[in-house]
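Every chain is numbered from 1 and lettered A, B, ... according to where its sequence line falls, protein lines coming before strand lines. Here the structure is a predicted model, which is why all the values come from computation and not from measurement.
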There are 2 protein chains.
Amino acid sequence: MHNHSEKFPDPPRTLSATVYDDLRARLLVGRLLPGDTISIRTLAAEHGMSAMPVREALKQLALERALTGALKRAYRVPDLTCGEAANLFQIRAVLEGGAAEAATPHLSARDLETLRRRTRQMDVAWHKQDAIRFLEANFRFHALIYSRARNDALLDLIENLFVRTGPWLAKGILSLDKPEDWLGEHEAIVAALERGDAALSRRLIEEDARWGMSFFQS
Amino acid sequence: MHNHSEKFPDPPRTLSATVYDDLRARLLVGRLLPGDTISIRTLAAEHGMSAMPVREALKQLALERALTGALKRAYRVPDLTCGEAANLFQIRAVLEGGAAEAATPHLSARDLETLRRRTRQMDVAWHKQDAIRFLEANFRFHALIYSRARNDALLDLIENLFVRTGPWLAKGILSLDKPEDWLGEHEAIVAALERGDAALSRRLIEEDARWGMSFFQS
DNA sequence: ACGAGGCACCTGTGATCACAGTTTGACAGG
DNA sequence: CCTGTCAAACTGTGATCACAGGTGCCTCGT
């Protein structure tokens with residue numbers, strides 16, 4: 001049997017990084033919801049490894065505020081207050097706005113086509129009430145844009161914020177009964193990017209980033 | 001003997017957090033310089049503890065890019081390229097600009113007085129070529145402003161960026177022979193804040209954040 | 001004298017064990 | 001039936017040991 005058929009990213013990486021990435025991906029798309037509790041030994045058993053790598057991954061996620069870790073108590077997915085969520089989306093707006101503005105001149109025609117595909121994926125996921133697929137396509141849409149800003153550190157920070165707001169957004173989407181509220185702002189974003197209008201792109205992205213606050217705003 | 005005379009923040013916290021904070025403080029003020037190497041067991045011996053807490057702290061710092069951690073090789077303080085440094089200062093500019101704008105209406109007269117004191121401390125440290133004291137006062141100056149923006153998550157992110165740019169700034173300051181280049185822009189910032197001019201404060205802070213790029217720019 | 005190979009020491013990573021505080025559920029008493 | 005209490009099982013944290021890979025110096029051969 002050839003090895004090529006197996007997943008390959010494992011060997012050069014560390015076990016700790018494996019579970020870290022796994023948790024991060026789950027938070028990003030809302031496969032973990034606010035209040036969910038996570039145990040070191042349970043996760044270790046699921047992954048078939050010792051508790052050591054898992055504990056490191058959880059501690060790191062707690063440090064970057066993707067999880068809460070009280071002393072001697074189980075790690076949990078943070079249940080943000082509206083104020084905390086608003087703060088996060090405020091940061092996302094300024095950070096993603098700047099990234100979009102810087103990325104505008106560097107988007108290729110191929111990129112724009114990919115963005116349109118992501119938009120369509122989001123549309124069908126939204127009407128299916130499939131929060132996970134929706135958030136996944138949404139993240140890939142934004143990540144592609146920001147990656148063209150040629151600033152890796154900035155991309156990391158934005159990704160972190162997506163991870164932290166993921167569970168909140170998933171909770172918000174799942175709490176809706178009517179999927180009517182969705183308006184295809186993303187097409188406007190793609191149009192602005194295509195025209196090379198950096199200022200407009202920035203404004204639209206800022207608006208889109210703040211959209212997540214529309215849930216539960218009291 | 002009374003316990004009140006001892007440092008108190010220790011007991012409720014974890015050993016791992018202790019060495020984490022210690023390293024972070026050292027990076028922030030440039031007591032660790034780019035290229036410096038850090039060993040788990042050495043640090044553990046210095047702190048009189050097992051290697052376990054130290055490894056967690058180092059891994060966390062590596063994760064937030066405050067240290068580099070190649071596989072099976074010693075952790076080191078990153079020696080940033082000019083491009084990477086420029087990226088970081090670009091992020092600082094947009095993030096700190098936004099924070100300053102939001103904080104402007106909430107600064108008290110007492111805050112402004114403290115800011116002026118920090119400015120004076122920076123001045124004397126600069127003329128003494130004391131990079132550590134300079135960076136410490138500089139950080140406290142900025143941190144006080146941003147703390148008034150009432151956005152803890154934003155404050156965390158900015159602090160992280162200070163930690164990451166600390167060694168670079170220290171290297172830059174120490175490489176200068178003449179301390180002539182220092183211009184007291186901070187007084188202008190305080191003046192703008194005192195007048196409640198949010199837009200001007202933002203612009204001045206952005207300018208100040210980009211100042212760190214003036215070293216070694218090729 | 002110079003270069004290449006090898007071995008000893010260094011590094012981080014993972015496993016296993018011991019410990020202390022927290023949570024939870026069951027059982028006894030009102 | 002409700003409530004207060006206690007014990008067992010859970011939680012994360014820290015220590016110690018074993019392992020594999022990387023680095024560099026020292027020696028042996030030419």
Side-chain angles (χ1 to χ4, degrees), chain A residues 3 7-24 26-27 32-79 167, chain B residues 3 7-24 26-27 32-79 167:
Chain A
N3 260 345
K7 290 191 221 168
F8 211 78
D10 294 342
R13 294 225 329 282
T14 176
L15 285 182
S16 175
T18 302
V19 15
Y20 172 80
D21 290 340
D22 173 57
L23 266 308
R24 213 156 197 267
R26 283 204 245 176
L27 289 165
L32 287 171
L33 293 179
D36 282 0
T37 166
I38 301 178
S39 156
I40 290 185
R41 290 174 175 83
T42 302
L43 249 187
E46 284 181 22
H47 284 273
M49 63 180 68
S50 159
M52 176 83 45
V54 179
R55 94 152 69 163
E56 286 179 348
L58 289 179
K59 220 171 205 308
Q60 290 168 13
L61 288 166
L63 186 98
E64 60 190 60
R65 307 289 196 272
L67 294 177
T68 66
L71 199 63
K72 302 283 186 185
R73 282 172 55 174
Y75 286 100
R76 293 191 330 170
V77 179
D79 202 345
Chain B
N3 258 346
K7 290 192 223 170
F8 211 77
D10 295 342
R13 293 225 329 281
T14 176
L15 284 182
S16 176
T18 302
V19 16
Y20 172 81
D21 290 340
D22 173 56
L23 267 308
R24 213 155 196 268
R26 283 205 245 177
L27 290 166
L32 287 172
L33 293 177
D36 283 0
T37 164
I38 301 177
S39 157
I40 290 185
R41 290 175 175 83
T42 302
L43 249 187
E46 284 182 21
H47 284 272
M49 63 179 68
S50 160
M52 175 84 46
V54 178
R55 95 153 65 163
E56 286 179 347
L58 289 179
K59 218 168 206 304
Q60 290 167 13
L61 288 166
L63 187 99
E64 61 189 60
R65 307 291 196 273
L67 294 177
T68 66
L71 199 63
K72 303 283 185 186
R73 280 172 59 175
Y75 285 100
R76 292 191 329 169
V77 179
D79 202 344

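Checking the phosphate oxygens (OP1, OP2) of D/dT13, no side-chain nitrogen or oxygen of B/Ser16 falls inside 4.0 Å. Not one side-chain nitrogen or oxygen of B/Thr14 sits closer than 4.0 Å to the OP1 or OP2 atom of D/dG12. Considering only side-chain N and O atoms, B/Ser39 lies under 4.0 angstrom from the phosphate OP1 or OP2 of C/dT11.
Taking a 6.0 Å sphere around CZ of A/Arg26, one finds it holds more than 12 heavy atoms contributed by other residues, nucleotides or ligands.
The distance from atom CD1 of B/Ile38 to atom CG of B/Leu23, rounded to the nearest 0.5 Å, is 5.0 Å. With rounding to the nearest 0.5 angstrom, the CG atom of B/Leu63 is 13.0 Å from the NZ atom of A/Lys59.
The shortest side-chain heavy-atom distance between A/Leu61 and A/Tyr75 does not fall under the 4.5 Å cut-off. Using a 4.5 Å heavy-atom threshold, the side chains of B/Arg24 and B/Leu27 count as separate.
Atoms CG (A/Leu71) and P (D/dT13) sit 7 Å apart, rounded to a whole Å. Between the NZ atom of B/Lys72 and the C1' atom of C/dG14 there is a distance of 8 Å, rounded to whole Å. Between B/Arg73 atom CZ and D/dT23 atom C1' the separation is 9 Å, expressed in whole Å. B/Ile40 has its CD1 atom 18 Å from the P atom of D/dA18, to the nearest Å. Between the CZ atom of B/Arg13 and the C1' atom of D/dG12 there is a distance of 17 Å, rounded to whole Å. The separation between A/Tyr75 atom OH and D/dG12 atom C1' is 7 Å, rounded to whole Å. The nearest whole Å value for the distance from the CG atom in A/Leu15 to the P atom in D/dC19 is 17 Å.
With hydrogens and angles ignored, a donor-acceptor pair under 3.5 angstrom links the side chain of A/Arg41 to the base of D/dG12.
Test A/Thr42, A/Asp22, A/Thr18 against A/His47 for side-chain hydrogen bond (donor to acceptor under 3.5 Å, both in side chains) and you get one pass: A/Asp22.
Residues of residues 47-60 of chain A that place a heavy atom closer than 4.0 Å to DNA chain C, in numerical order, are A/Ser50, A/Met52, A/Pro53.
Summarising the geometry of A/Pro34 relative to A/Asp79, their closest heavy-atom pair is CB-OD1, 3.6 Å, with the distance given to 0.1 Å.
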